[in-house]
Number of protein chains: 2
Amino acid sequence: MSQTVDRALSILPLLAQGPADLGQVAERLGVHKSTALRLLRTLHEHGLVYRQQDQRYRLGARLFALAQEAVENLDVREIAHSHLIELNEQCGHTVHLAVYEENEVLYIDKVESRYPVRMYSRIGKPVAITVAAVAKLLLADLTEPERRVIAERLDYPMYTSRSTPNAGAFLRELAVVREQGWATDLGGHEESINCVGAPIRGADGRVVAAMSVSAPNVVVTAEELLTLLPLVRRTADAISREYSGTTPVKKA
Amino acid sequence: MSQTVDRALSILPLLAQGPADLGQVAERLGVHKSTALRLLRTLHEHGLVYRQQDQRYRLGARLFALAQEAVENLDVREIAHSHLIELNEQCGHTVHLAVYEENEVLYIDKVESRYPVRMYSRIGKPVAITVAAVAKLLLADLTEPERRVIAERLDYPMYTSRSTPNAGAFLRELAVVREQGWATDLGGHEESINCVGAPIRGADGRVVAAMSVSAPNVVVTAEELLTLLPLVRRTADAISREYSGTTPVKKA
DNA sequence: AAGAGTCGTTGCATCATGTGCAACAGTCAT
DNA sequence: ATGACTGTTGCACATGATGCAACGACTCTT
């Protein structure tokens with residue numbers, strides 16, 4: 001680990017909260033102003049930081065460009081996209097695609113209503129990891145000790161009365177999901193929204209992504225939504241097959 | 001400029017092109033493997049870089065999170081305001097700033113007469129979307145199917161005899177605006193009021209906001225108002241540059 | 001108008017810090 | 001087994017990052 005780089009990178013989340021001037025950055029980094037200045041200059045040259053006229057710094061445009069390029073290089077997304085559109089056309093509901101990375105679950109694609117829309121704006125927003133169907137699918141694939149460690153570390157906000165209340169309940173839910181190979185979120189995040197999801201597996205059988213279909217209660221009941229499960233699973237399996245290139249490794 | 005940070009940051013655009021292993025990164029940076037390893041580790045700790053199962057590195061999730069947070073703090077209005085005031089001082093007319101959101105066009109700033117005044121009372125009120133110059137600019141940037149859908153759904157109230165009469169005329173007008181890069185409203189909303197406007201674009205070239213200058217017939221004729229077009233466009237472009245963070249840095 | 005207080009910037013001496021090297025460990029193919 | 005390839009670690013060296021203090025530009029007070 002490099003101290004200099006470490007300090008420089010610490011500036012980014014700091015600026016993400018809002019613009020700051022040199023003194024503030026130096027203070028929050030715990031370094032001398034001149035040091036902060038040099039770090040900021042280097043960040044600036046790379047376009048990660050931008051200086052507005054009042055001389056305060058804020059995050060730069062290159063960051064968006066990088067994030068965009070990065071998401072376009074996610075080949076799961078590329079492969080999955082047409083399948084997601086197809087599924088959306090068949091059922092009419094919102095379809096999500098998500099991956100797990102570094103203790104976070106994030107949406108990487110979304111197809112809504114009749115028009116395919118890339119929700120780049122949604123990317124980066126933390127998923128409600130304790131309740132979302134896609135989160136359960138992704139976490140359920142981890143090893144038992146990994147799951148326990150993560151479950152212990154999470155917060156369990158009660159979005160609704162049906163939200164996952166604590167680590168124990170979450171681990172039991174993950175065990176169920178792992179066993180049955182699909183997951184739901186029945187009003188756990190928003191009272192009137194239900195989701196049903198299925199995992200996408202790589203050639204080695206590991207879950208590389210998860211997808212879900214969401215619909216409000218007022219359109220279809222939870223029971224009706226569950227009738228879409230076979231369709232969702234078929235779509236997920238199709239993506240898995242295409243992603244792994246050759247013969248899929250499937251669990252019973 | 002800091003050499004260490006400079007090297008570390010150079011890794012990001014490198015990885016944006018696709019995953020790379022340690023050796024490739026070291027080679028393209030022109031440093032020893034062990035050096036590249038330490039840099040990558042630091043980037044990894046900050047979540048900017050992610051290590052996939054085959055040990056190759058690619059851009060990480062935190063990048064999305066940062067970009068997301070940043071865009072929320074990217075207040076177009078804050079950046080634009082001083083430019084709007086300047087423009088108002090130069091031409092003396094009313095200046096508007098508007099954005100498109102959720103099928104509506106909203107004014108988010110206004111500078112009137114000699115005194116810069118934030119017309120918050122106006123904010124949130126829907127603009128006359130079928131005739132306003134800013135509305136045309138914002139809608140013209142949408143994709144062709146999106147434009148068609150919206151045009152079909154709108155009502156076309158005849159505020160004056162020169163209001164846009166129907167969807168067909170509106171779509172043709174949008175095509176013109178899209179092509180020429182600016183827009184007018186000549187008595188389409190109120191008989192005696194003319195407007196000329198220009199788009200503000202983000203780093204990716206998409207229109208993020210639109211601005212316009214309005215003046216009543218009794219003060220300046222439509223032809224006279226049009227002579228302000230270059231000034232309006234220059235202002236809009238200046239805001240675009242600052243917003244996208246690509247303002248040319250003065251070289252020492 | 002002059003002074004006092006910001007804030008950003010620069011040159012410099014010091015030494016902490018990043019660097020390359022070489023040796024080690026793990027994996028895969030032959 | 002053997003060799004070739006990767007990623008990783010410990011170490012000695014000097015490069016390069018650091019804090020300091022002084023400077024200039026600026027705003028606000030008096």
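Every chain is numbered from 1, with letters handed out A, B, ... down the list of sequences. The model shown is predicted, which means the values in this text are computed figures rather than measured ones.
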Item to check | N-O pairing of A:E152 and A:R148 below 4.0 Å | outcome: no
Item to check | Options C:dG20, C:dC12, C:dT19, nucleotide nearest the side-chain atoms of B:L39 | outcome: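 The closest nucleotide is C:dT19.
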Item to check | B:Q3 side-chain proximity, nearest of D:dG10, D:dG16, C:dG8 | outcome: D:dG16
Check whether any side-chain nitrogen or oxygen of [X] sits under 4.0 Å from OP1 or OP2 of [N], and answer yes or no.
X	N	answer
A:T4	C:dT17	no
B:Q55	D:dG7	no
A:T35	D:dA17	no
B:R7	D:dG16	no
A:R41	C:dT10	yes
B:R56	D:dG7	no

Checklist entry - Can you find a pair of side-chain heavy atoms, one from A:E104 and one from A:I129, that are under 4.5 Å apart? => result no
Item to check | Close side-chain approach of B:E242 to B:H83, heavy-atom, < 4.5 Å | outcome: yes
Checklist entry - In degrees rounded to 10°, what angle is found between the helical axes fit to the five outermost pairs at each end of the helix from C:dA1-D:dT30 to C:dC15-D:dG16? => result 10°
Item to check | Residues, nucleotides or ligands: over 12 heavy atoms within 6.0 Å of B:E224 CD | outcome: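 Yes, CD of B:E224 has more than 12 neighbouring heavy atoms, counting only those of other groups under 6.0 Å.
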Next on the checklist: Base contacts versus sugar-phosphate-only contacts with protein, heavy atoms under 4.0 Å: please encode nucleotides 22-30 of chain C as B, S and - from 5' to 3'.
Outcome noted: B--------
Checklist entry - Hey, is the main chain of A:V5 close enough, under 3.5 Å, to the side chain of B:T42 for a donor-acceptor pair? => result no
